[in-house]
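One structure is given below, encoded as structure tokens.
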Amino acid sequence: MSELNLILLGPPGAGKGTQAQRLIEDFQLPYISTGDILRAAVTEQTELGKKAKGFMDAGDLVPDDVIIGIILERLADPDCRDGFILDGFPRTIAQAEALDTALVDFGRHLTAAILIEVPDEDVIKRISGRRVSVKTGRVYHVDFDPPKHEDRCDVDGSRLIQRDDDKPETVKHRLEVYHQHAEPLINHYEATGLLRRIDGTRAPTEIHDHIRATIATLRLEETL
Ligand code: AP5
């Protein structure tokens, strides 16, 4: 079976992380989430975390030169040999071009850029109800995907919190930042024939089925 190199695109709260969790189970691939990497660095107060914190709290993008090297280095790790699921990267044309160049250098190519499309009103509802486990990172929603016990993770009972950048005013700004960069990025992947659009307004299970069917078709096409 050929390698599966996927990127997940879409606005904040589109459900990229939710779908990635399901895809990891399907394909047993390493999951690389720039948001998770940066949040862990902030918690651990590493040099990366210190550089990133102000940008993240404001809902701005961390500068390209801070994030690109980290992700390209991660993709060179042996566990990414059979593929990877990248969530939250690339977010700018500079990041997309750096990824293209690195993959050419590795003698590899992207399988697809999966764009999960969700209107801004839905994003706001989703993000305002999102809760995340402090330990497992499992994501819930107070209405759409509630935990069995209030404010506790189903996996290990750990506390559920709201992300610092999920405050309404920050979410509004994150959406503005997304729209500022989305069009050129989408055009980039449309031009290379890699873009696959997914209706993200449906239930998570239906979205997952659609993504899996899309990947199955791509793999079939590769064998023809
Ligand atoms: P990051 O963590 O990547 O945030 P994001 O892209 O804004 O995406 P989210 O994690 O908010 O949403 P998601 O699409 O994963 O949705 P989820 O599945 O959780 O980035 C955070 C910050 O880090 C950035 O602002 C930036 O500062 C920095 N950063 C990261 N990458 C960077 C980069 N490459 N360059 C520069 N800076 C970078 O779902 C959301 C909610 O909706 C959940 O509650 C879920 O349960 C619910 N839900 C999911 N699917 C559905 C559905 N189908 N129906 C109903 N509810 C649903």
Side-chain angles (χ1 to χ4, degrees), residues 5-27 29 31-39 55-56 59-62 67 71 84-93 95-96 99 110-133 137-146 162-190 194-215 218:
N5 302 322
L6 293 178
I7 59 176
L8 297 178
L9 304 175
K16 303 182 293 294
T18 301
Q19 293 304 322
Q21 291 307 327
R22 294 164 187 238
L23 295 171
I24 303 168
E25 283 172 26
D26 293 337
F27 299 108
L29 289 174
Y31 170 51
I32 305 165
S33 154
T34 41
D36 286 353
I37 291 171
L38 291 168
R39 275 185 291 279
F55 295 101
M56 295 178 77
D60 284 317
L61 293 185
V62 170
I67 194 78
I71 298 305
F84 52 79
I85 299 175
L86 254 180
D87 168 4
F89 186 98
R91 263 179 152 96
T92 63
I93 284 292
Q95 294 179 15
L99 178 62
L110 274 182
T111 310
I114 307 278
L115 171 64
I116 304 180
E117 297 183 292
V118 177
D120 288 3
E121 340 43 291
D122 293 27
V123 160
I124 290 163
K125 277 188 220 146
R126 287 184 187 185
I127 292 190
S128 59
R130 172 165 52 192
R131 299 292 181 271
V132 186
S133 157
R138 164 82 162 83
V139 174
Y140 298 85
H141 190 283
V142 289
D143 298 316
F144 308 141
D145 181 19
Q162 191 162 29
R163 264 168 50 176
D164 284 345
D165 61 347
D166 280 355
K167 291 188 290 263
E169 60 280 14
T170 317
V171 172
K172 198 166 158 273
H173 184 60
R174 281 166 60 199
L175 269 169
E176 286 163 3
V177 171
Y178 172 75
H179 289 299
Q180 199 181 324
H181 294 280
E183 202 182 315
L185 205 55
I186 291 168
N187 291 343
H188 178 83
Y189 289 113
E190 205 143 44
L194 291 169
L195 191 76
R196 295 292 180 278
R197 291 176 187 269
I198 305 288
D199 175 3
T201 62
R202 294 175 303 169
T205 313
E206 287 176 58
I207 299 169
H208 177 218
D209 288 345
H210 189 185
I211 297 176
R212 274 205 317 194
T214 302
I215 293 169
L218 284 165

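Index from 1, following the sequence. Since the structure is predicted, the reported quantities are computational estimates derived from the model, not experimental observations.
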- Mind checking what makes ring-ring contact (aromatic ring centres under 6.0 Å, His included) contact with Tyr31, not counting sequence neighbours? none
- Task: Please report the closest heavy-atom contact between Ile127 and Gln162, naming both atoms and the distance.
- Result: O-NE2, 4.2 Å
- Gly59 and Val177 have their tightest heavy-atom pair at O-CG2, 3.6 Å
- Message: What I'd like to find out is whether the side chain of Leu38 reaches to under 4.5 Å of the side chain of Phe55, using heavy atoms alone.
- Response: no
- Message: Do Ser128 and Val171 make a side-chain contact, defined as non-hydrogen atoms from C-beta onward lying under 4.5 Å apart?
- Response: no
- If you measure from CD1 on Ile198 to CD on Glu117, what distance do you get to the nearest 0.5 Å? 9.0 Å
- Item | Distance in Å, Leu115 CG paired with Ile7 CD1, rounded so as to fall on 0.5 Å steps | 10.0 Å
- Where do Ile207 and His210 land on the side chain to side chain contact (heavy atoms under 4.5 Å, CB included) test, with the steps shown first? CA-CA 5 Å; Ile207 299 169; His210 189 185; 5.6 Å; no
- Is Arg174 paired with Asp166 through a side-chain N to carboxylate O contact shorter than 4.0 Å? yes
- Residues two or more places apart in sequence or in another chain: which of them pass salt bridge (Lys or Arg N to Asp or Glu O under 4.0 Å) with Arg212? Asp26, Asp209
- Query: Is the number of heavy atoms from other residues, nucleotides or ligands under 6.0 Å of Glu169 CD greater than 12?
  - Reply: yes
- For Arg22, the side-chain hydrogen bond (donor to acceptor under 3.5 Å, both in side chains) test, sequence neighbours excluded, returns none
